[in-house]
Amino acid sequence: MSTDTAPHFIRDLIAADLAEGKNGGVIHTRFPPEPNGFLHIGHAKAIHLDFGMAAEFGGECNLRFDDTNPVKEETLYVEGIKEDIRWLGYAWDHELYASDWFERLYELAVQLIRKGLAYVDNQSLEQIREGRGMFKRPGVDSPFRTRSVDENLALFEKMRAGDFAEGEAVLRAKIDMSSPNMNLRDPIMYRILKAHHHRTGDAWCIYPMYDWAHGESDALEGITHSLCTLEFENHRPLYEWFVDHLDGLPVRPRQIEMARLNLSYTVLSKRKLLRLVKEELVDGWDDPRMPTLVGMRRRGYSPAAIRQFCDRIGVAKRDGVVDVTLLEHALREDLNETSIRVMGVIDPLEVVIENFPEGHTEWFEAPLHPTRPELGMRRIPLSRRVYVERDDFREVAPRKWRRLSPGAEVRLRYAALITVREVVKDAAGQVVRLICTYDPDAVGGDPTDGRKVQGTLHWVSAEHAVSSQVYLYDRLFTVPAPDAEEADFTTFLNPDSLQVMGGAKLEPYLATVAPETRVQFERLGYFVAEGEGGARFNRTIGLRDSWARVERSEPKPAAPAAPEEKKMTEETVTAEVIEVSAREDREPAKEVITFDDFAKLDLRVGVIREAGPVKGARKLLRLGVDLGEGRLRQVFAGVAKAYPDPSVLLGESVVVVANLAPRQMSFGLSEAMILAGGGGTDRLGMTTLKGTFLPGDTVT
RNA sequence: UGGGCUGUGGUCGAAUUGGCAAGACGUCGGGUUCUGGCCCCGAAGGUUCUAGGUUCGAGUCCUAGCAGCCCAACCA
């Protein structure tokens with residue numbers, strides 16, 4: 001199953017051990033999850049390595065649940081974890097639990113006591129912590145450290161029998177209270193927990209600690225290479241101390257540590273993921289925005305893409321942050337190869353082909369994959385009314401525009417060539433319909449005269465369309481390293497990480513796909529079917545979009561559109577929003593708002609009721625804006641230079657972005673932004689509206 | 001002078017163990033195209049954490065620093 005070929009130090013170490021004939025020349029690994037949460041992409045890295053190394057060197061890999069803490073663990077999680085591993089494409093050789101070894105572990109502990117290497121300590125938790133000392137100060141021996149072997153044996157038996165209450169006694173290894181390594185200052189091996197265990201029930205009231213249970217379980221089940229993450233490096237001396245002081249172990253396991261995976265724009269700590277779930281910041285462990293395996297599965301990730309990603313990131317000891325784009329690349333690479341192509345319109349704009357016969361349907365055959373004919377064909381109907389993507393039409397075509405605009409001819413993929421003849425708008429000026437004509441000779445979209453057609457669009461026949469809800473997912477966080485920031489990571493949650501498009505229209509073929517089918521909506525991205533009948537699709541990831549890059553890099557017009565013209569081109573707006581936004585942003589380039597974002601803005605008419613300077617900020621004006629909400633919103637706008645006398649603004653109608661998160665500035669809370677713009681200071685100004693508007697009116 | 005680990009283009013990561021600093025992602029430019037996708041071609045980007053030293057030759061060895069991460073749960 002492993003496709004891993006890149007060299008890394010763990011492979012080298014294993015190969016060397018095998019060459020030396022250690023442990024009889026066999027390799028046996030294990031993946032040891034604690035059943036207290038769901039697996040995430042970081043675990044996938046470990047799984048890939050554990051199973052991959054065993055497979056590559058002809059050994060076995062166990063699944064062993066590290067269930068040594070009954071108060072935190074649940075059966076629910078063990079089933080989930082097993083399902084995730086299977087889904088990822090791995091099969092374990094033996095399913096085991098640390099709890100399977102409780103009796104053997106107990107015997108080994110007795111062996112250590114007999115050797116005088118472990119003792120029962122009756123100090124309190126606080127006393128033990130106190131006695132352990134500090135980093136720079138050695139610990140002191142417990143007064144119970146010198147108990148006789150017989151006494152320890154008897155006491156340990158009483159611990160197991162339940163004669164002590166929780167906290168009254170622990171079993172400790174007798175190592176070195178002055179070791180610079182805290183783990184060797186007589187670590188606790190057993191504590192008393194009168195809790196019900198999900199597998200052993202009430203059979204035990206003493207439970208082994210990680211360091212004791214993990215290494216010895218490894219040894220007992222014949223694990224030769226125990227791969228784990230860097231934070232256990234300090235534990236290795238203890239791991240080795242235990243196996244070296246015990247007789248009769250079948251193998252001498254070796255612990256090897258590697259860096260855990262960190263991914264940009266997300267968090268990968270179980271604690272933080274649990275918080276997202278518990279505080280309902282996401283819809284559960286399987287929310288498609290979660291980096292959990294269940295979440296990624298619902299998002300549409302393929303196991304192969306995840307495995308490929310694990311290959312690409314390699315294995316090393318340096319801890320860094322892997323760029324999500326690497327994951328996304330692996331995803332697209334696999335999905336491009338495996339996903340069938342279909343058409344779906346997410347934000348429909350109606351097109352009427354006026355010279356197409358009423359009531360007539362034309363059917364076209366189209367391949368389900370551009371380079372893999374074996375995946376078959378599907379039929380696509382064309383009728384007089386079709387839907388195209390609203391974003392594919394511009395009343396005023398920008399430079400290099402290859403889509404719909406008045407008079408322009410484009411291709412409806414696989415079907416026809418159409419030209420926009422008329423733009424129909426509603427009372428508010430919103431485009432509601434395009435009247436087009438098509439070229440009846442260009443059957444299937446092939447012009448007979450060899451003329452060049454500038455663009456090809458996806459579309460859906462209105463009459464045959466399947467209605468669907470499309471869930472658009474985006475990154476969960478707005479910053480590359482949410483847990484490296486000073487503020488709590490939840491403050492960086494991306495408010496636009498989910499957008500539900502309720503009115504999507506899909507080609508009829510989509511009604512037939514099975515749940516979890518991964519498809520590419522041509523020109524839009526990869527999506528996965530959730531449920532039956534095409535009723536819901538989740539966007540896995542968009543296509544690479546070089547048009548978006550072109551758009552971003554186009555020079556922006558210097559001045560805003562004329563004040564009385566409410567409609568503006570997107571470039572204008574982009575420039576203006578930047579103009580008013582705060583300057584201390586760390587990554588200005590990322591602050592550019594795309595057309596998609598623009599559609600999410602709630603633009604409203606605001607009437608300025610208050611206007612005045614801001615003390616300590618030459619460029620800012622403090623405005624009180626009436627949005628018809630029964631109160632004034634306070635807005636700080638960087639337009640002071642344009643209005644030496646702010647009072648001229650009183651009573652003016654301006655365009656307000658009403659649905660932005662309020663921004664805390666040092667002078668006060670800014671509760672909205674006002675559209676303004678200009679090529680230079682001399683032409684700086686706010687867009688004002690002339691005519692009769694009511695505060696709160698929507699601007700389109 | 002607590003201990004351990006790690007420092008290689010923006011990111012992840014190799015370097016036959018002392019011999020021309022791989023590759024991938026990302027970025028930029030071009031070609032192709034009935035997906036502004038895929039694919040193809042090209043480019044930019046490095047004082048290998050710093051300073052000394054050994055050597056014909058140092059990412060690799062030595063010395064001294066610096067930076068980051070981990071460790072004081074009866075968690076794993």
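Order of the sequence lines fixes the chain letters, A, B, ..., with proteins taken first and strands second; residue numbering starts at 1 for each chain.
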| task | Using the P atoms only, state how far rC40(B) lies from rU11(B), rounded to an integer number of Å. | result |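 Their P atoms lie roughly 27 Å apart.
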| field | Pairwise C1' distance for rA15(B) and rA22(B), with rounding to whole Å | value |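 So the two C1' atoms sit 7 Å from each other.
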Rounding to an integer number of Å, can you tell me how far [X] [atom1] sits from [N] [atom2]?
{"X": "R544(A)", "N": "rC40(B)", "atom1": "CZ", "atom2": "P", "value": "12 Å"}
{"X": "R64(A)", "N": "rA76(B)", "atom1": "CZ", "atom2": "C1'", "value": "12 Å"}
{"X": "N69(A)", "N": "rC75(B)", "atom1": "CG", "atom2": "C1'", "value": "6 Å"}
{"X": "E333(A)", "N": "rC25(B)", "atom1": "CD", "atom2": "C1'", "value": "11 Å"}
{"X": "Y210(A)", "N": "rA73(B)", "atom1": "OH", "atom2": "P", "value": "17 Å"}
{"X": "N262(A)", "N": "rC69(B)", "atom1": "CG", "atom2": "C1'", "value": "10 Å"}
{"X": "M258(A)", "N": "rU6(B)", "atom1": "CE", "atom2": "P", "value": "15 Å"}
{"X": "F309(A)", "N": "rG26(B)", "atom1": "CZ", "atom2": "P", "value": "13 Å"}

| More than 12 heavy atoms from other groups under 6.0 Å of CZ on R137(A) |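 No, CZ of R137(A) has 12 or fewer neighbouring heavy atoms, counting only those of other groups under 6.0 Å.
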Of all the choices, [options], which nucleotide is nearest to the side chain of [X] once you look at every atom?
{"X": "R549(A)", "options": "rC75(B), rA72(B), rU27(B)", "result": "rU27(B)"}
{"X": "F232(A)", "options": "rA76(B), rC38(B), rA72(B)", "result": "rA76(B)"}
{"X": "R341(A)", "options": "rC5(B), rG36(B), rG37(B)", "result": "rG37(B)"}
{"X": "I128(A)", "options": "rC28(B), rC74(B), rC70(B)", "result": "rC74(B)"}
{"X": "K72(A)", "options": "rC70(B), rC75(B), rG36(B)", "result": "rC75(B)"}
{"X": "N336(A)", "options": "rU27(B), rC38(B), rC70(B)", "result": "rC38(B)"}
{"X": "E233(A)", "options": "rA72(B), rC5(B), rA76(B)", "result": "rC5(B)"}
{"X": "P180(A)", "options": "rG2(B), rC74(B), rG37(B)", "result": "rG2(B)"}
{"X": "R129(A)", "options": "rG36(B), rG2(B), rA72(B)", "result": "rA72(B)"}
{"X": "F135(A)", "options": "rA72(B), rC25(B), rA76(B)", "result": "rA72(B)"}

| query | Does the ring pair (Phe, Tyr, Trp, His ring centres under 6.0 Å) test come out yes or no for F537(A) and F521(A), once each step is laid out? | reply | CA-CA 10 Å; F537(A) 279 86; F521(A) 287 173; 5.3 Å; yes
All N/O pairs under 3.5 Å across the protein-nucleotides 19-21 of chain B interface:
none

| message | Angle between ring planes, F156(A) versus Y106(A), binned at 30° and 60°: parallel, tilted or perpendicular? | response |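 Parallel: the ring planes of F156(A) and Y106(A) meet at under 30°.
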| task | Between L230(A) and Y526(A), name the one whose nearest nucleotide on RNA chain B is closer to the 5' end. | result |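 Whichever sits nearer the 5' end wins; that is L230(A).
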| field | Nearest-nucleotide 5' precedence on RNA chain B, L193(A) against R236(A) | value |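 Of the two residues, R236(A) wins.
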| task | Please list, chain by chain and in numerical order, all residues satisfying ring pair (Phe, Tyr, Trp, His ring centres under 6.0 Å) with H235(A), sequence neighbours excluded. | result |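 With neighbours one apart ignored, the set is F232(A).
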On the nucleotide [N], are OP1 or OP2 found under 4.0 Å from the side-chain N or O atoms that [X] carries?
{"X": "R132(A)", "N": "rC74(B)", "value": "yes"}
{"X": "H329(A)", "N": "rC25(B)", "value": "yes"}
{"X": "R191(A)", "N": "rC75(B)", "value": "yes"}
{"X": "T68(A)", "N": "rA76(B)", "value": "yes"}
{"X": "T371(A)", "N": "rC38(B)", "value": "no"}

Donor-acceptor under 3.5 Å ([X] side chain, [Y] main chain):
{"X": "E485(A)", "Y": "P482(A)", "answer": "no"}
{"X": "R30(A)", "Y": "L227(A)", "answer": "yes"}
{"X": "T29(A)", "Y": "D50(A)", "answer": "yes"}
{"X": "R185(A)", "Y": "S179(A)", "answer": "yes"}

| Do K174(A) and D186(A) sit within salt-bridge range, that is, some charged N less than 4.0 Å from a carboxylate O? |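 Judged by the 4.0 Å cut-off on N to carboxylate O distance, K174(A) and D186(A) do not form a salt bridge.
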| field | Under 4.0 Å protein heavy-atom contacts per nucleotide of nucleotides 11-18 of chain B, with B for base, S for backbone only and - for none | value | SSBS----
| field | Set of residues satisfying side chain to side chain donor-acceptor pair (under 3.5 Å) with respect to N36(A), sequence neighbours excluded | value |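 In terms of side chain to side chain donor-acceptor pair (under 3.5 Å), with neighbours along the sequence ignored, N36(A) is linked to E34(A), K270(A).
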| field | With sequence neighbours excluded, residues passing side chain to side chain donor-acceptor pair (under 3.5 Å) with S302(A) | value |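 Partners of S302(A) under the side chain to side chain donor-acceptor pair (under 3.5 Å) test: D334(A).
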| message | Which residues pass the salt bridge (Lys or Arg N to Asp or Glu O under 4.0 Å) test with R132(A), not counting sequence neighbours? | response |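 Scan of R132(A) (salt bridge (Lys or Arg N to Asp or Glu O under 4.0 Å), adjacent residues dropped) gives none.
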| query | Under a 90° cut-off about 0 for the syn range, is rU47(B) syn or anti? | reply |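 With its glycosidic angle more than 90° from zero, rU47(B) counts as anti.
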| field | Where the chi angle of rA73(B) falls, syn if within 90° of 0 and anti if not | value |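 Syn conformation for rA73(B).
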Under 3.5 Å for both donor-acceptor distances, Watson-Crick or wobble: does [N] have a partner, and if so which one?
{"N": "rC69(B)", "answer": "rG4(B)"}
{"N": "rG37(B)", "answer": "none"}
{"N": "rA22(B)", "answer": "none"}
{"N": "rG42(B)", "answer": "rC28(B)"}
{"N": "rA64(B)", "answer": "rU50(B)"}

| request: Decide yes or no, distance alone: a donor-acceptor N/O pair under 3.5 angstrom between the base of rG36(B) and the side-chain of R403(A). | output: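 Indeed there is one.
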